[in-house]
Amino acid sequence: MKKIFPLIISFAICACTFQTKQRGYVFPEDTEERLMTVKNTADLEEKFGSPLARTVYGESIWIYYGADENYHGPFPLTWDNRKVLLVRIDGNRVMDTKILNDKDLPDVRIASGATPIPAEIQLNMLEELVNNIGRFSPAGLGQ
């Protein structure tokens, strides 16, 4: 028992490690100053690079997003230092910019379960196996 107890304690300590990963865009410290000099999309791409997303419908808005993803061992994943940069574009001109920080962003909770898909076909394991027979060609035949 004396040999197992230190092993259990060391495993518990290793499981509680803290790790942070940067996700998305890494904003520079002088983001606001850089935004003041941006007049068109060429300036924007030079100073901030390509956006992570662009709107498809309605006004043209470029979106830059970055956050820190925190792991705390067996505990749920948390996010902090979230920042979103929204840039409204008209043609090649930058019309308006807005920076949203942690306090400006709502907490979105992901619902547990699955979203129903209309006309979804659900197969069990046997049906899935039979459905795949003959679907794939043997390796090396180039078909």
Practice task
State which residues pass side chain to side chain donor-acceptor pair (under 3.5 Å) with D104; sequence neighbours excluded, sorted by chain then number.
Solution key: none
Problem - Residues that E127 engages under salt bridge (charged side-chain N to carboxylate O under 4.0 Å, His left out), provided they are two or more places apart - result: none
Problem - E128 CD to Q122 CD distance, which is reported to the nearest 0.5 Å - result: 11.0 Å
Handout entry: Side chains of L85 and W62 in contact at under 4.5 Å (non-hydrogen atoms)
Key = no
Practice task
Return the set of residues passing side-chain contact (heavy atoms from CB on, under 4.5 Å) with K39 (not counting sequence neighbours), or none when no residue passes.
Solution key: D43
Completion exercise
Across all chains, not counting sequence neighbours, the salt bridge (charged side-chain N to carboxylate O under 4.0 Å, His left out) partners of D90 are none
Handout entry: Contacts of D102 that satisfy side chain to side chain donor-acceptor pair (under 3.5 Å) - sequence neighbours left out
Key = R82
Practice task
With the side chain counted from C-beta on, respond yes when I89 and T41 share a heavy-atom pair under 4.5 Å apart, and no when they do not.
Solution key: yes
Problem - Whichever hydrophobic residues join I117 through chains of side-chain contacts under 4.5 Å - result: none
Handout entry: For E69, all residues meeting salt bridge (charged side-chain N to carboxylate O under 4.0 Å, His left out), sequence neighbours excluded
Key = R23
Practice task
Identify, with sequence neighbours excluded, every residue that meets salt bridge (charged side-chain N to carboxylate O under 4.0 Å, His left out) alongside E33.
Solution key: none
Problem - For the student: nearest non-hydrogen atoms of V84 and Y65, plus distance - result: CG2-CD1, 3.3 Å
Practice task
Can you sort out the partners of E32 under side-chain contact (heavy atoms from CB on, under 4.5 Å), two or more places apart, ordered by chain and number?
Solution key: I99
Fill in the blank from the handout: Sequence neighbours excluded, the answer for side chain to side chain donor-acceptor pair (under 3.5 Å) partners of D30 is R34
Problem - Connected-component partners of L123 among ILVMFWY, side-chain separation under 4.5 Å - result: I121
Practice task
With rounding to the nearest 0.5 Å, note down the distance linking CG in N92 to CG in N40.
Solution key: 7.0 Å
Completion exercise
To the nearest 0.5 Å, atom OG1 of T31 lies from atom CZ of F48 at 5.5 Å
Handout entry: Over all atoms of both residues, closest heavy-atom pair of S50 and E45
Key = OG-OE2, 3.8 Å
Practice task
Give the C-alpha distance, both sets of side-chain angles, the deciding distance and a yes or no for side-chain contact (heavy atoms from CB on, under 4.5 Å) between Q22 and D68.
Solution key: CA-CA 5 Å; Q22 175 67 36; D68 290 340; 2.6 Å; yes
Problem - Nearest-0.5 Å distance, CG of residue N70 to OG1 of residue T20 - result: 4.0 Å
Practice task
Ignoring hydrogens and angles, tell me if any N or O in the side chain of T55 forms a donor-acceptor pair with the backbone of I61 under 3.5 Å.
Solution key: yes
Problem - Connected-component partners of M95 among ILVMFWY, side-chain separation under 4.5 Å - result: none
Handout entry: Flag side-chain contact, heavy atom, 4.5 Å: V87 against T97
Key = yes
Practice task
Using modelled atom types only, decide if a donor and an acceptor are shared between the side chain of Y64 and the backbone of G49 within a distance under 3.5 Å.
Solution key: yes
Exercise for the section: Kindly check if the number of other-residue, nucleotide or ligand heavy atoms within 6.0 Å of NZ (K47) is above 12? Expected result: yes
